2 protein chains.
Amino acid sequence: MPLHDQLRAVALDEFASAGYAATSLQRIADLAGTSKASVLYHFSSKEQLLAEIVDPVLDDLERLLIDDEGGSVLRRADFVERFVDLLLTHSQVVPLVINQGATLDDVPVMHRATELMRRVAELFRLASGSTIEKLRFGVAFGGVAYTLAAAERLGLNGEIPIDEVRTALLEILHDLLVPADTPVA
Amino acid sequence: MPLHDQLRAVALDEFASAGYAATSLQRIADLAGTSKASVLYHFSSKEQLLAEIVDPVLDDLERLLIDDEGGSVLRRADFVERFVDLLLTHSQVVPLVINQGATLDDVPVMHRATELMRRVAELFRLASGSTIEKLRFGVAFGGVAYTLAAAERLGLNGEIPIDEVRTALLEILHDLLVPADTPVA
DNA sequence: CAGAGGGCTGGCCGATCGGTCAGTAGCGTT
DNA sequence: AACGCTACTGACCGATCGGCCAGCCCTCTG
């Protein structure tokens with residue numbers, strides 16, 4: 001693997017587990033077996049290293065939003081399914097954005113993440129819904145992200161097959177976001 | 001308000017919104033209109049300032065766990081209700097622990113928080129349950145915490161009366177944690 | 001062989017961090 | 001007046017941070 005990619009992978013591990021602020025460029029360099037200066041050779045700054053990690057995921061999310069808004073063809077259940085797949089695909093980046101987004105809102109890429117999450121919320125038209133509908137969105141979205149982030153820390157997950165996780169999350173999210181008494185399309 | 005209490009309040013605001021690592025003692029001092037040295041006069045270290053904020057909340061949680069384990073008298077629904085009240089009472093500390101607990105596991109008070117959360121998980125016997133039951137716990141607990149933390153950031157909540165929030169959260173958590181096909185006691 | 005350029009590094013910089021310490025201002029007691 | 005105690009402060013410390021830079025090594029090209 002090229003050093004550039006390896007540095008990105010190592011940085012993602014550390015940003016997700018120890019936090020962006022608590023992860024020094026020196027530590028990233030040590031874990032990758034190189035020097036701090038070489039990290040700053042591959043990435044012009046620590047912020048840009050974070051951006052190169054997070055931006056592709058936000059691109060995926062934005063694409064999903066555009067697909068949906070473009071034709072409003074997607075039924076809510078379909079959106080939820082694609083959304084879960086996106087979360088599972090980027091299971092390390094999701095908690096990074098969720099847990100540290102508020103802390104790092106001065107970093108441009110995290111501000112973009114917040115804006116996209118707001119658009120997801122508006123998509124479900126929960127900003128104008130009832131209190132419980134608003135809270136259902138918050139619990140569902142934050143709950144899935146938190147589960148992906150902290151389940152291991154609490155020793156809650158063994159080696160659960162990802163297919164099983166996917167199915168279970170879909171069922172839970174479906175229960176929360178597509179209540180039986182709500183029109184789906 | 002005594003300066004000691006004011007410093008604790010200011011620090012909690014900053015720890016919860018900007019993060020523990022990103023909040024300097026100097027900033028806490030500035031916001032309270034005093035000097036950094038006086039902060040370290042009232043609290044022997046930054047870690048102890050965090051501990052004085054978090055420990056009382058963990059004491060409450062531990063008390064709830066002891067009440068439950070002692071007689072196993074509490075029905076699951078009762079536990080959920082007391083649990084939600086605890087989260088609402090300490091709505092600033094909860095996201096602090098949830099979002100930054102993993103990052104700060106080297107800080108003793110945060111390690112204690114992780115242990116208590118593990119006990120809550122075990123209480124629901126979800127460690128030995130099916131995949132979807134494990135995930136339901138994660139989604140429920142993390143979801144409520146995330147909602148309390150980030151709803152404002154996404155502009156999802158206006159001035160919702162706390163009673164309404166309490167009722168809604170109870171309903172959502174009840175749906176997630178006390179499924180219809182599960183024996184309650 | 002000469003030179004150009006990409007990959008990489010050690011050493012350094014200013015800034016900021018948490019924390020220490022000597023010292024002081026105010027105040028009630030003797 | 002002299003004391004002791006609490007509250008508080010400015011100056012300073014070593015460590016660490018992100019970032020910069022001159023220069024080295026290697027390979028490819030002419």
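Predicted model only: the values in this text are computed from it and were never measured. Convention: sequence-line order gives letters A, B, ...; per-chain numbering from 1.
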Using atom [atom1] of [X] as one end and atom [atom2] of [N] as the other, report the distance to the nearest whole Å.
X: A:His42; N: C:dC8; atom1: NE2; atom2: C1'; answer: 8 Å
X: A:Ile28; N: D:dT16; atom1: CD1; atom2: P; answer: 17 Å
X: B:Leu25; N: D:dT9; atom1: CG; atom2: P; answer: 14 Å
X: B:Leu3; N: D:dC8; atom1: CG; atom2: C1'; answer: 9 Å
X: A:Lys46; N: D:dG19; atom1: NZ; atom2: P; answer: 8 Å
X: A:His4; N: C:dC8; atom1: NE2; atom2: C1'; answer: 15 Å
X: A:Gln26; N: C:dG10; atom1: CD; atom2: C1'; answer: 11 Å
X: B:Gln48; N: C:dG18; atom1: CD; atom2: C1'; answer: 14 Å

For this session: Indicate whether any N or O donor in one side chain lies under 3.5 Å from an N or O acceptor in the other, for A:Glu52 and A:His4.
Result: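 A donor-acceptor contact under 3.5 Å links the two side chains.
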Exercise. If we ignore angles and hydrogens, is there a donor and acceptor under 3.5 Å between the side chains of B:Asp13 and B:Gln92?
Worked result: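 Note: B:Asp13 and B:Gln92 side chains meet the donor-acceptor criterion.
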Problem set entry | Non-hydrogen side-chain atoms of A:Val80 and A:His174 separated by less than 4.5 Å |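 No. Closest side-chain heavy atoms not under 4.5 Å.
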Exercise. Using a cut-off of less than 4.0 Å, is there contact between a side-chain N or O of B:Ser24 and OP1 or OP2 of C:dT16?
Worked result: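 Looking at the OP1 and OP2 atoms of C:dT16, neither is under 4.0 Å from any side-chain N or O of B:Ser24.
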Exercise. Does A:Phe15 have A:Lys46 sitting over its ring (NZ/CZ under 6.0 Å from centre, angle to axis within 45°)?
Worked result: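 Verdict for A:Phe15: no cation-pi partner in A:Lys46.
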Exercise. Yes or no on side chain to side chain contact (heavy atoms under 4.5 Å, CB included) for B:Leu88 and B:Leu169, after CA distance, side-chain angles and deciding distance?
Worked result: CA-CA 10 Å; B:Leu88 286 175; B:Leu169 286 182; 4.2 Å; yes
For this session: For DNA chain D, find the residues of residues 29-41 of chain B with a heavy-atom distance under 4.0 Å and give them by number; none if there aren't any.
Result: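 Close to the strand are B:Thr34, B:Ser35, B:Ala37, B:Ser38, B:Tyr41.
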Problem set entry | Test side chain to side chain contact (heavy atoms under 4.5 Å, CB included) applied to B:Leu96 and B:Met110, step by step | CA-CA 10 Å; B:Leu96 172 59; B:Met110 284 304 194; 4.2 Å; yes
